[in-house]
> 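Please find one structure pasted underneath; my questions will follow.
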Amino acid sequence: MPLPNIIERISDTVWELPVSYKPGMRVPARIYGTEKLIQAMDEAVYDQITNVATLPGITKYALCMPDGHSGYGFPIGGVAAMDTEEGIISPGGIGFDINCGMRLVMTNLTYNEVKPHLKELVDKLYKKIPAGVGSTGFLKVSRDEFRQIVEQGAHWCVKHGYGWEEDLEMTEESGCIEGADSKKISEKAIDRGYNQIGTLGSGNHYLEIQVARREYIMDEKLARVFGITVPDQIAVMFHTGSRGFGHQVATDYLQVFLKVMQSKYGISVLDRELASAPFNSPEGKDYYAAMKCGINMSFANRQLILHRIREVFSDVFGRSPQDMGMYMVYDVAHNTAKVENHSINGQTKKLLVHRKGATRAFGPGMEGVPKRYKEIGQPVIIGGSMETGSYLLVGTSGGSQTFFSTAHGSGRTMSRSKAKKTWRGETLQHEMEARGIYVRSASWSGLAEEAGGAYKDINDVIEAAELSGISKRVALFIPIGNVKG
DNA sequence: ATGTCC
């Protein structure tokens with residue numbers, strides 16, 4: 001794809017579309033990526049990120065991360081910080097899968113110890129952690145209990161024995177965001193969500209057994225702080241979100257916003273998918289409080305899955321999770337909007353930062369980073385495709401240019417439908433097994449859709465994120481087992 | 001992403 005003539009190269013990894021690109025832009029749009037990535041990006045990204053630049057209250061830049069691709073309203077990879085007084089909140093800037101994110105847990109087991117048990121381990125994980133469209137969990141809770149869960153997040157799980165106190169410390173927002181109000185949630189959303197705690201879901205959601213090989217540790221000192229201390233150490237990484245619950249919350253409020261946006265607030269947007277309400281309006285506040293329930297549902301979901309993972313490891317290896325060193329490195333989301341303080345032209349401002357397919361990457365010393373990591377910056381977990389490996393990065397002070405945000409994954413280059421025509425799930429499974437990755441999937445077509453070849457090269461994305469200074473590599477994890485939704 | 005269209 002030829003780059004638009006008007007695009008300005010700010011550096012090797014930062015590209016700017018000025019306000020003259022399109023009428024109504026309030027700020028320039030900046031896309032992060034090497035020239036190779038920028039050229040491979042779908043054209044819709046230019047259109048979508050410059051649409052975002054027209055939204056009321058947007059501050060400094062509309063940003064797109066190196067793994068950007070077209071999404072609902074906002075591109076996936078989009079970051080937009082809105083003034084909390086004058087600005088809007090937009091479900092399209094958060095995503096349907098509210099608080100979708102990554103969780104990483106280490107073990108002290110080595111590849112040689114795990115390899116003889118790998119199939120049993122993956123098969124048991126596949127059995128214990130329901131995956132696929134419409135899957136329901138083992139946790140039986142009433143609708144009322146579920147309303148408590150969406151207000152309490154992972155705290156509810158730990159209180160009920162599904163996890164450890166220190167898991168909470170290693171979770172963004174300590175596993176429970178303040179201000180979640182279940183009164184702002186529809187019965188329909190409760191219906192869809194109350195039996196989905198502890199389920200993986202479908203699409204690009206997965207759970208992976210990975211190995212941290214010594215040659216793929218980029219920063220040994222930081223890796224040690226994150227708990228990577230043994231050669232060929234085994235880790236478990238997984239990716240899931242708020243399932244049908246978050247989806248319904250987004251759907252409910254998109255409808256509300258479409259009704260009041262123009263008539264009540266006089267806001268017109270260039271794309272209906274950018275439906276918004278003033279952040280300070282009753283509708284905006286209701287969505288924010290409901291969206292926070294989605295955030296907490298997602299933390300609880302990942303907490304319960306972690307508990308199941310520990311149970312399965314105990315079953316397979318006959319040791320306690322503590323004995324196997326199954327400590328959480330971190331849980332970090334990539335579909336949220338949160339009020340944060342950021343420095344704008346030397347002044348601290350309260351901003352509502354939308355991150356849609358973009359990971360928070362707070363740097364050293366920042367408020368909100370767990371004590372253990374405070375001096376070095378927060379862990380950033382970026383899942384690659386199921387065939388290529390995943391990265392652990394760290395937030396940097398250079399993150400200030402993107403409101404401390406970075407990429408979240410590889411980013412698709414091929415549509416799901418084309419991927420299904422290109423690969424067959426059964427063949428892919430055999431090929432992956434021959435390459436040392438044992439994969440179990442809820443759906444053959446779902447497996448084909450997630451083929452590594454349908455994604456950008458994760459290494460290109462990470463290279464761009466590091467070169468631009470918005471995060472720094474710590475380690476690359478190589479998959480050996482995968483449970484795919 | 002999603003009871004992949006109420």
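Letters go in sequence order (proteins before strands), and every chain restarts at 1. Computed from heavy atoms alone, side chains included, the values below leave out hydrogens, waters and symmetry copies.
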> Ring pair (Phe, Tyr, Trp, His ring centres under 6.0 Å) with A:Phe226: which of A:Tyr330, A:Tyr373, A:Tyr391?
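Of A:Tyr330, A:Tyr373, A:Tyr391, ring pair (Phe, Tyr, Trp, His ring centres under 6.0 Å) with A:Phe226 is met by A:Tyr373 alone.
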> Is the distance between the ring centroids of A:Trp15 and A:Tyr32 under 6.0 Å?
no
> Check whether A:Phe299 forms a cation-pi arrangement with A:Arg302 (NZ or CZ under 6.0 Å from the six-membered ring centre, at most 45° off the ring normal).
no
> Could you tell me how far apart A:Tyr72 (OH) and B:dT2 (C1') are, to the nearest whole angstrom?
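So the two atoms are 13 Å apart, to the nearest Å.
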> Do any of residues 407-416 of chain A sit with a heavy atom less than 4.0 Å from DNA chain B, and if so which?
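The stretch gives A:Arg416 as the residues lying under 4.0 Å from the strand, ordered by number.
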> Quick one: do A:Lys124 and A:Glu311 satisfy salt bridge (charged side-chain N to carboxylate O under 4.0 Å, His left out)? Show the steps, please.
CA-CA 10 Å; A:Lys124 283 188 167 157; A:Glu311 283 184 343; over 6 Å; no
> Nearest-Å distance, CG (A:Asn99) to C1' (B:dT2)?
17 Å
> Taking any heavy-atom pair under 4.0 Å as a contact, classify A:Gln196: base, sugar-phosphate, or nothing.
sugar-phosphate
> Select base, sugar-phosphate, or nothing to describe what A:Lys356 touches, counting heavy atoms under 4.0 Å on all strands.
nothing
> Whole Å only: how far is the CG atom of A:Asn301 from the P atom of B:dT2?
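My rounded result for the distance is 10 Å.
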> Examine A:Tyr206 together with A:Phe238 and report whether their ring centres are nearer than 6.0 Å.
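When the ring centroids of A:Tyr206 and A:Phe238 are compared, they turn out to be at least 6.0 Å apart.
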> What I want to find out is whether A:Lys420 reaches A:Glu449 closely enough, with some N-O distance under 4.0 Å, to be called a salt bridge.
yes
> Would you say the ring centroid of A:Tyr194 lies under 6.0 angstrom from that of A:Phe245?
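Centroid separation for A:Tyr194 and A:Phe245: 6.0 Å or greater.
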> Would you say the ring centroid of A:Tyr253 lies under 6.0 angstrom from that of A:Tyr287?
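That pair passes the under 6.0 Å test.
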> In terms of ring plane angle, is the pair A:Tyr162 and A:Trp156 parallel, tilted or perpendicular, where the classes change at 30° and 60°?
parallel
> Hunt down any stem DNA chain B takes part in, defined as 3 or more consecutive Watson-Crick or G-U pairs whose two distances are each under 3.5 Å.
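None - DNA chain B has no stem of 3 or more consecutive pairs.
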> Please give, in whole Å, the distance from B:dT2 P to A:Asp191 CG?
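The distance from CG of A:Asp191 to P of B:dT2 comes to 17 Å, rounded to the nearest Å.
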> Please give, in whole Å, the distance from B:dT2 P to A:His239 NE2?
9 Å
> Starting from P on B:dT4, measure out to CD on A:Glu450 and report it in whole angstrom.
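Atom CD in A:Glu450 sits about 18 Å away from atom P in B:dT4.
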> Under a 4.0 Å heavy-atom cut-off, which of residues 242-255 of chain A touch DNA chain B?
A:Arg243, A:Gly244, A:His247
> Using the ring centroid of each side chain, check whether A:His334 and A:His239 are separated by less than 6.0 Å.
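Yes.
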> Donor-acceptor check, side chain of A:Arg473 to backbone of A:Ala475, threshold 3.5 angstrom: yes or no?
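A pair under 3.5 Å: no.
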